[in-house]
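Below, read A as the first sequence line, B as the second, and so on, with proteins coming before strands; counting in each chain starts at 1. Every heavy atom of this structure was used, including side-chain atoms; hydrogens, water molecules and symmetry mates were not.
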Amino acid sequence: AQSVAQPEDQVNVAEGNPLTVKCTYSVSGNPYLFWYVQYPNRGLQFLLKYITGDNLVKGSYGFEAEFNKSQTSFHLKKPSALVSDSALYFCAVRDRDSGNTPLVFGKGTRLSVIA
Amino acid sequence: SQTIHQWPATLVQPVGSPLSLECTVEGTSNPNLYWYRQAAGRGLQLLFYSVGIGQISSEVPQNLSASRPQDRQFILSSKKLLLSDSGFYLCAWSVRRAIYEGYTFGSGTRLTVV
């Protein structure tokens, strides 16, 4: 079975400070991992993904995420937060050996960047 | 380039009325298609997904149904809406068999059942 956990419902950070949004996953084999962002009343937008290779993945809007197999984590990070980064963030996972089954999404973490 | 269209953007319907939400994808063939519901701006609930015309997998049994009459068209329906059907409905597509790819989401439909 596949699952993903986002342990924080809400993350607050001051503008200019680094931010981290946490994600841990569980799959039987090796994972494909994704981060999405959702602004109010909008669909989800793709930020970045880990397929294989370098554990540090760089994505849109200055975000990056580090794949840590031993800790089964894929935390989203940004060195300097902007007020415009305030949004709802979703982590998603799929087991590479799961065939065509849908992605499993976390419950989302609301990021609030305070000026 | 590929685009996904979802309409209407907002909908207010009385309890007991029917529902039809439509999603179409352009610029690709044989996509996987998905319907999600999001309640109160939080987590996503997968309702239905389809890997081909007429092939629908239901994840949550309820008074909603889905159909895929054409390759790039996915329709979410209900015969009689309940108050609990209110929410934000999202359609998404992905490349078939490219399981390393993620999803592209539509802009969503805000449904309020009154």
Side-chain angles (χ1 to χ4, degrees), chain A residues 1-10 23 27 29-53 57 59-60 65 67 74 86-112, chain B residues 2-11 21 23 25 30-52 55-60 66 74 87-112:
Chain A
Q2 309 170 102
S3 67
V4 61
Q6 293 182 243
E8 303 155 316
D9 287 344
Q10 174 94 29
C23 171
V27 296
N30 293 305
Y32 294 128
L33 292 156
F34 305 83
W35 274 104
Y36 289 84
V37 60
Q38 185 184 30
Y39 298 100
N41 295 311
R42 303 292 298 276
L44 278 67
Q45 298 177 29
F46 170 79
L47 276 179
L48 51 80
K49 65 181 177 183
Y50 171 80
I51 299 176
T52 188
V57 179
S60 306
F67 171 62
F74 190 56
S86 299
L88 188 57
Y89 290 81
F90 290 94
C91 182
V93 69
R94 176 191 278 134
D95 190 322
R96 292 187 197 181
D97 298 326
S98 65
N100 217 7
T101 57
L103 287 176
V104 175
F105 285 85
K107 292 183 177 181
T109 298
R110 190 167 301 281
L111 173 67
S112 179
Chain B
Q2 302 94 352
T3 56
I4 179 169
H5 301 281
Q6 194 179 336
W7 69 92
T10 60
L11 193 58
L21 302 181
C23 173
V25 180
N30 305 314
N32 289 340
L33 295 169
Y34 309 87
W35 277 112
Y36 285 87
R37 180 169 62 198
Q38 186 179 28
R42 291 306 312 219
L44 301 173
Q45 180 185 36
L46 178 62
L47 301 175
F48 303 94
Y49 69 98
S50 172
V51 298
Q55 300 179 59
I56 309 293
S57 296
S58 173
E59 294 293 304
V60 183
F74 205 23
F88 192 52
Y89 288 81
L90 289 161
C91 181
W93 76 274
S94 66
V95 178
R96 189 175 299 177
R97 298 194 180 91
I99 64 171
Y100 49 86
E101 294 290 349
Y103 296 173
T104 301
F105 284 83
S107 54
T109 296
R110 172 76 57 193
L111 172 66
T112 304

Revision key, fill the gap. Turns out that what part of Tyr49(B) lies under 4.5 Å from chain A's heavy atoms comes down to side chain
Review point. In terms of heavy-atom pairs under 4.5 Å with chain A, which of Asn32(B), Thr10(B), Leu46(B), Val51(B) leads?
Key: Asn32(B)
Exercise for review: Answer with yes or no after comparing the ring centroid distance for Phe48(B) and Tyr34(B) against a 6.0 Å cut-off, counting only values under it.
Suggested key: no
Study note, to complete from the structure: So, the part of Ile51(A) with a heavy atom under 4.5 Å from chain B: the answer is side chain
Point to revise | Residue Gln6(B) versus chain A: region with a heavy atom under 4.5 Å | key: neither
Review point. When the ring planes of Phe105(A) and Tyr36(A) are compared, do they come out parallel, tilted or perpendicular, using 30° and 60° as the limits?
Key: tilted
**Study point:** Pairing residues for Thr109(A) by the side-chain hydrogen bond (donor to acceptor under 3.5 Å, both in side chains) criterion, not counting sequence neighbours
**Key:** Gln6(A)
**Study point:** Residue part contacting chain B, namely of Tyr50(A), when any heavy atom lies under 4.5 Å
**Key:** neither
Exercise for review: Could you tell me whether Glu8(A) and Arg110(A) have a side-chain N and a carboxylate O separated by less than 4.0 Å?
Suggested key: no
Practice item. Select one option (side chain, backbone, both, neither) describing which atoms of Tyr103(B) are under 4.5 Å from chain A's heavy atoms. Key: both
Revision key, fill the gap. Quick note, salt bridge (Lys or Arg N to Asp or Glu O under 4.0 Å) partners involving residues 31-46 of chain A, not counting sequence neighbours, are none
